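Remember, it's a predicted structure, so these values are computed and weren't measured experimentally.
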Amino acid sequence: VRRLPRPLNLDYALLEAASAASDDGQVDDAIHKVFAHLFPGAAVGDLAAQPFTFVQGSSQVTARVEDGQLAITVPLVRLTPTGNAVAALRYALTTISGSGQLYQPRLRGDDLYLEFRDKLTRMHPAKVLEVLRRMPVEADRCDDWLVGQFGAQPLERAEIEPLSEDELARAEAAWRTHWDEVEELLKESQRKRS
């Protein structure tokens with residue numbers, strides 16, 4: 001509605017270089033090459049000295065190296081006594097988590113996070129790539145649902161700029177046009193089917 005995102009030209013040679021670096025035992029270099037592939041132009045320094053943070057929708061993703069592990073976390077929600085915390089946790093365990101999934105929900109006190117944590121000695125660029133592509137999107141998809149359905153509170157959300165009146169009008173026009181066209185396609189397919 002506001003502006004088209006600038007297309008990113010991802011450098012896939014960096015992924016191949018990351019895999020080669022990982023095979024040679026250069027784990028830090030491999031991790032940095034994955035970040036350079038996904039975030040061209042972003043300055044990703046030493047993750048042990050300073051974490052790297054980026055925003056996906058309303059989710060703030062933080063990657064850091066601590067105690068010989070790569071930790072990538074996304075805050076989801078804070079469970080409240082007035083909300084339905086048990087149902088929220090059941091939802092997180094049945095819908096968000098999954099066996100074999102690299103990232104999992106973690107509860108710290110009343111705060112629910114999505115987190116990936118693994119030792120650097122077991123790190124492979126494919127793990128980092130999958131987590132950075134899937135976990136932020138999953139967190140952005142689920143946080144509003146947890147707030148709306150289970151009375152949780154948003155936790156460390158990225159600020160979302162509200163739409164102006166003009167932007168709202170353009171968004172509504174695009175929405176109505178889309179559904180009008182879908183309705184016409186449905187009628188056409190029904191007509192052809194009969």
Side chain of [X], backbone of [Y]: donor and acceptor closer than 3.5 Å?
X: T94; Y: R90; result: yes
X: H37; Y: D11; result: yes
X: E138; Y: Y103; result: no

In terms of hydrophobic clustering (I, L, V, M, F, W, Y; side-chain heavy atoms under 4.5 Å; direct or indirect links), are [X] and [Y] co-clustered?
X: I96; Y: L107; value: yes
X: L129; Y: L14; value: no
X: F39; Y: Y12; value: yes

In this structure, are over 12 heavy atoms from other groups packed under 6.0 Å from [X] atom [atom1]?
X: E165; atom1: CD; result: no
X: N9; atom1: CG; result: no
X: R108; atom1: CZ; result: yes
X: Q50; atom1: CD; result: no

Side-chain atoms of residues 59-78: list all donor-acceptor pairs with protein atoms under 3.5 Å, sequence neighbours left out, distances to 0.1 Å.
residue : atom : partner : partner atom : Å
S59     : OG   : D140    : N            : 3.2
E66     : OE2  : R117    : NH1          : 3.0
E66     : OE2  : R117    : NH2          : 3.0
Q69     : OE1  : R117    : NH1          : 3.3
R78     : NE   : D111    : OD1          : 2.7
R78     : NH2  : D111    : OD1          : 3.3
R78     : NH2  : D111    : OD2          : 3.2

Note to self: Contact between C142 and T95 at the side-chain level, heavy atoms closer than 4.5 Å - yes or no?
What the structure shows: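 No, every pair of side-chain atoms sits at 4.5 Å or beyond.
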Please work out which of the three classes, parallel, tilted or perpendicular, describes the rings of [Y] and [X], given edges at 30° and 60°.
X: W175; Y: W179; answer: perpendicular
X: F150; Y: Y91; answer: tilted
X: F52; Y: F35; answer: perpendicular

Show every donor-acceptor pair shorter than 3.5 Å between a side-chain atom in residues 25-33 and any protein atom, with sequence neighbours excluded, or say none if there are none.
residue : atom : partner : partner atom : Å
D29     : OD1  : K33     : NZ           : 3.4
H32     : ND1  : D28     : O            : 2.8
H32     : NE2  : G45     : O            : 2.5

What is the distance from atom [atom1] of [X] to atom [atom2] of [Y], rounded to the nearest 0.5 Å?
X: E130; Y: L102; atom1: CD; atom2: CG; value: 4.5 Å
X: D110; Y: L155; atom1: CG; atom2: CG; value: 10.5 Å
X: Q153; Y: L79; atom1: CD; atom2: CG; value: 9.5 Å
X: E115; Y: M135; atom1: CD; atom2: CE; value: 8.0 Å
X: L132; Y: F54; atom1: CG; atom2: CZ; value: 5.0 Å
X: S97; Y: Q104; atom1: OG; atom2: CD; value: 5.0 Å

To check you understand the geometry: which heavy-atom pair defines the closest contact between [X] and [Y], and what is its length?
X: V34; Y: P125; answer: CG2-CB, 3.5 Å
X: T80; Y: A85; answer: O-CB, 4.4 Å
X: E167; Y: P162; answer: OE1-O, 4.2 Å

Note to self: Walk me through whether E156 and Y113 qualify under side chain to side chain contact (heavy atoms under 4.5 Å, CB included).
What the structure shows: CA-CA 10 Å; E156 300 175 34; Y113 291 82; 3.6 Å; yes
Next item on the list: Report the C-alpha separation of M123 and V128 in whole Å, then their side-chain angles, then the decisive distance to 0.1 Å, and conclude whether the side chain to side chain contact (heavy atoms under 4.5 Å, CB included) test is met.
Entry: CA-CA 8 Å; M123 195 56 55; V128 179; 3.5 Å; yes
Item checked: CA sep, side-chain torsions, deciding dist, call: D166, R170, salt bridge (Lys or Arg N to Asp or Glu O under 4.0 Å) -> CA-CA 6 Å; D166 180 52; R170 283 187 297 158; 3.6 Å; yes
Next item on the list: For S58 and D143, test the side chains for any donor-to-acceptor distance below 3.5 angstrom and give the result as yes or no.
Entry: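 Result is yes, a qualifying pair exists.
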Check: For L186 and E181, what are the C-alpha separation, side-chain angles and deciding distance, and is it a side chain to side chain contact (heavy atoms under 4.5 Å, CB included)?
Finding: CA-CA 9 Å; L186 177 64; E181 290 175 3; over 6 Å; no
